[in-house]
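I have placed the structure first, in the form of structure tokens, so that the comments after it can refer back to it.
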Amino acid sequence: MHVNSREAAISLLANPRSAKRRSGAKWLRKHPDPENVDALIAALTKELRDLRTWETQYQMIMALGASGSDRVTHVLEAALRLPVEPMVRLAVGDALVRLSDDVDGALIDALESSSSFRVEGALRALAMTHRAPEKATTAAAVVDFVTRPANAQLRFWLAASAAGWEPSYVREFLDSCLLDSNEDLRRAAEASLQRSYLKWNPL
């Protein structure tokens, strides 16, 4: 079934096959509208009962994050209390930042969760939406978390998002990234040092 309308996408959310439900969620993610929220919340509530369909859960959450509706925050926070897959936590971290009017507060909430996946999602949202923390204390807390050895996988998205940060908050971190063996990390850091965002295409 080719999805070519909001009605078709929403109808797919109730399809017996997870791949079809995922297809509907992807369409709604690409065509964000607050009117999609009720259908997505109902679908996600059911979807979260099955750990095996995490890819579909991920797309539903990203569609909710794109919706711009603050009515979904409680649903996303509730998902974090469930035994969901790591990529679902990442999607929630991303969506909560996109939906928040308080970037600093959203980042601190992610850090206090101690979930590296939620923090990764939050940083990815900053990189994709070109937003940044305003407070030096928030930035310092993020850099401290990311530079811990156990959280090395977070360095890329911090480097990618840092173009819009106050330069003094991230200059030392970005300079260290230039010495890394990871080419994408170096490229992200180089662009951010020039105050330039690169285009990335995450899942």
Is the backbone N or O of [Y] less than 3.5 Å from a side-chain atom of [X], with the two atoms forming a donor-acceptor pair by type?
| X | Y | answer |
| --- | --- | --- |
| Arg98 | Gly68 | no |
| Arg21 | Pro16 | yes |
| Asn151 | Leu154 | no |

Who passes ring-ring contact (aromatic ring centres under 6.0 Å, His included) against [X], sequence neighbours left out?
| X | result |
| --- | --- |
| Phe173 | none |
| Trp54 | none |
| His130 | Tyr197 |
| Tyr58 | none |

Under the side-chain hydrogen bond (donor to acceptor under 3.5 Å, both in side chains) rule, collect the residues that match up with [X], sequence neighbours excluded.
| X | answer |
| --- | --- |
| Arg187 | none |
| Thr56 | Ser18, Arg22 |
| Arg81 | none |
| Glu35 | none |

Check: Between Glu7 and Ser11, does any side-chain donor sit less than 3.5 Å from a side-chain acceptor?
Finding: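 No, no side-chain donor-acceptor contact under 3.5 Å.
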Item checked: Residues which pass salt bridge (charged side-chain N to carboxylate O under 4.0 Å, His left out) with Arg6, listed by chain and number, not counting sequence neighbours ->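 Applying salt bridge (charged side-chain N to carboxylate O under 4.0 Å, His left out) to Arg6 gives none.
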How close do [X] and [Y] get, heavy atom to heavy atom, and via which atoms?
| X | Y | value |
| --- | --- | --- |
| Asp102 | Gly105 | OD1-N, 3.0 Å |
| Ala25 | Ala63 | O-CB, 3.7 Å |
| Ala66 | Pro32 | O-CB, 3.1 Å |
| Trp157 | Leu123 | CB-CB, 3.9 Å |
| Arg89 | Pro83 | NH2-CA, 4.4 Å |
| Ala110 | Ser113 | O-OG, 2.5 Å |

Shared hydrophobic cluster, [X] / [Y] (ILVMFWY, side-chain heavy atoms < 4.5 Å):
| X | Y | value |
| --- | --- | --- |
| Val142 | Met128 | yes |
| Leu158 | Leu178 | yes |
| Leu44 | Leu203 | yes |
| Met87 | Leu48 | yes |
| Leu80 | Val72 | yes |

Going from [atom1] on [X] to [atom2] on [Y], what distance comes out if it is rounded to the nearest 0.5 angstrom?
| X | Y | atom1 | atom2 | result |
| --- | --- | --- | --- | --- |
| Gln59 | Glu47 | CD | CD | 11.5 Å |
| Leu198 | Ser192 | CG | OG | 7.0 Å |
| Ser23 | Asn15 | OG | CG | 9.5 Å |
| Leu64 | Leu99 | CG | CG | 8.0 Å |
| Lys20 | Leu13 | NZ | CG | 13.0 Å |
| Lys26 | Leu28 | NZ | CG | 13.0 Å |

Notebook entry, point to check: Does some side-chain heavy atom of Trp165 sit less than 4.5 Å from a side-chain heavy atom of Leu126?
Noted result: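 When only atoms from C-beta onward are counted, Trp165 and Leu126 do touch, with a gap below 4.5 Å.
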Margin query: What I'd like to find out is whether the side chain of Asp184 reaches to under 4.5 Å of the side chain of Phe156, using heavy atoms alone.
Written below: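 In short, these two side chains touch, coming nearer than 4.5 Å.
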Notebook entry, point to check: Is there any salt bridge (Lys or Arg N to Asp or Glu O under 4.0 Å) pair reaching into residues 109-138, and which pairs are they, with sequence neighbours excluded?
Noted result: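 Those involving residues 109-138 are Asp94-Arg124.
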Checklist line | salt bridge (Lys or Arg N to Asp or Glu O under 4.0 Å) pairs, two or more places apart, involving residues 61-74 | finding: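 Listed once each, the pairs are Asp38-Arg71.
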Next item on the list: Assess whether atom CZ of Arg52 is packed by more than 12 heavy atoms of other residues, nucleotides or ligands within 6.0 Å.
Entry: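 Check fails, neighbour count at 12 or below.
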Check: If you count the non-hydrogen atoms of other residues, nucleotides and ligands that lie under 6.0 Å from CZ in Arg171, is the total more than 12?
Finding: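 No, because the 6.0 Å sphere around CZ of Arg171 holds 12 heavy atoms or fewer from other groups.
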Next item on the list: Scan residues 16-49 for pairs that pass ring-ring contact (aromatic ring centres under 6.0 Å, His included), counting only residues two or more places apart or in two chains.
Entry: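 Residue pairs with at least one partner in residues 16-49: Trp27-His31.
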